[in-house]
Amino acid sequence: MPIEIRMPALSPTMTEGNLARWLKREGDPVSPGDVLAEIETDKATMEIEAVDEGRLGKILIGDGTEGIAVNTPIALLLEEGEDASAAARSPDPAKAAAAPVESAGETGAPVPPAGGRGAQPAPSTTGTEAAAAATPIVGKAGNGADRGQRIFASPLARRMAEQAGIDLGGLKGSGPHGRIIKVDVEQAIRAGAQAPARAAPTPAAARAEAPAAPRPAPAMLAVQPPAAAVIEQPLSNMRRVIARRLTEAKQTIPHFYLSMDCELDALLKLRQELNGRAGADYKLSVNDFVIKAAALALRKVPKANASFGGDKIYLYQDVDIGVAVAIADGLVTPVIRNADRKGLAAVSQEMRDFAARARDPGGMKLKPEEYQGGSLSISNLGMYGVRDFQAVINPPQASILAVGAGELRPVIKDGALASATMMTVTLS
């Protein structure tokens, strides 16, 4: 029986991804470790590798397809002795995508349906997120919906249709096996499609609709008709996740802010001395000192090295500091593990490596485990001349430190006016 290769969850926040391109073609031999395809996740474009040996029998979802729910079959791998006819008898991927994901006890991690092998890593979204992404929409008009049949649409297409007030039942899908995808909804929006009046559903259809009842779209995301000439720029998965997470953070986390001015002159003198050492193979930045100081502060105040867990508090035994790095399509926070135990040179070299790989011209090269977790995040805008600002907490962390520019300011020392290099930091 052919092995199903499914859309993997490549990060904890990923519920869907885009299939950028296949690197293997139908009929190609496949060995464990071979790179099969490039997947655009909510953070970066990443490669998925085969874990089984065989031959790529059938590609179910083609290059450039967007909004593929995690755990959806994307290809079939033929085992030794199987021919192409085995792949031809495979189930419709749209129906497979609509199958509910079962919960695995209290952890909320989904259990993939049987046969979900062929690519790594395994899906790791929560049961709630995966089930929501896989639930089909049932309509009442067109596309088989008038007969009570399911309408198959990508999660992205569903959200766009919901926000624009468009009934998916009236759309014809151009995706694999008639699935409604993003471009179909965009065409309907441009054509001025409106949601048609819906007839009263039958009791059976009403029960079928209930699980997929859409949540009201936030006002900030409402689709507005352009008042003037505009250029539409679709959101990447990364920007979509950033928008959602920061909105949730400001709405659900009670932020308060503590600001302090720090005198930097002694730090700058020490930095100059260390960088000027003979044979030094490092170049320390002010931010390296901030990372180390924040780590030592969390070690000194362990109750701050924590996150909120609803009915419990998680007290972390390791001090891991996330550092915001701006990249072309958004922001990532690579994590310096055990920062309190590392010397300044090690912190500096690790941070430079993270920043270089995050901004690689060929696409972000950080691994998921390198930008996940962390006890506290640091966001430094001092290099842009920003004097002070208030950063948004990155959940599930409990705090984030905003670092401003170091600048000469008038200060009072020993009752007399003087000048000093000052830096304002704000802890959210």
Would you check if the side chain of Arg359 reaches a backbone N or O of Ile327 as a donor-acceptor pair within less than 3.5 Å? no

How about Gln397 and Ser377: does a side-chain donor come under 3.5 Å of a side-chain acceptor? yes

Do you know which of Asp340, Asn305, Asp320 makes side chain to side chain donor-acceptor pair (under 3.5 Å) with Ser375? Asn305

Start with the C-alpha gap between Arg409 and Glu263, add the side-chain angles, then the distance that decides, and say whether salt bridge (Lys or Arg N to Asp or Glu O under 4.0 Å) holds. CA-CA 10 Å; Arg409 299 181 197 168; Glu263 185 174 331; over 6 Å; no

Picking from Val403, Asp261, Val386, what satisfies side chain to side chain contact (heavy atoms under 4.5 Å, CB included) with Thr424? Asp261

Is Glu232 atom CD crowded by more than 12 heavy atoms from other residues, nucleotides or ligands, each under 6.0 Å away? no

Identify the heavy atoms of Ser307 and Ala398 that sit nearest to each other, and give their distance. CA-CB, 4.4 Å

In short, Ala358 meets Leu366 closest at the heavy-atom pair CB-CD1, 3.8 Å

Enclosure of Glu273 CD (heavy-atom neighbours >12, cutoff 6.0 Å): yes

May I ask you to say whether Arg158 pairs ionically with Glu162, meaning some side-chain N is under 4.0 Å from a carboxylate O? no

Could you give the side-chain donor-acceptor pairs of residues 26-36 under 3.5 Å, partners two or more places apart or in another chain?
| residue | atom | partner | partner atom | Å |
| --- | --- | --- | --- | --- |
| Glu26 | OE2 | Ile59 | N | 2.8 |
| Asp28 | OD2 | Arg25 | N | 2.8 |
| Asp34 | OD2 | Ser31 | N | 2.8 |

Minimum heavy-atom separation for Glu16 and Asn237, please, with both atom names. O-ND2, 3.8 Å

Of the non-hydrogen atoms in Tyr282 and Ala345, which two are nearest, and what is the gap between them? CD2-CB, 3.8 Å

CG of Leu270: more than 12 outside heavy atoms within 6.0 angstrom? yes

Can you tell which of Arg244, Lys250, Arg245 makes a salt bridge (charged side-chain N to carboxylate O under 4.0 Å, His left out) with Glu248? Arg244

So does Gly382 get a backbone contact from the side chain of Asn380, meaning a donor-acceptor N/O pair under 3.5 Å? yes

Run the salt-bridge test on Asp318 and Arg341 with the 4.0 Å N-O cut-off and return the result as yes or no. yes

Lys/Arg-Asp/Glu bridge criterion (N-O < 4.0 Å) met for Glu350, Arg337: no

Answer yes when Asp265 and Lys269 have at least one side-chain N-carboxylate O distance shorter than 4.0 Å, and no when they do not. no

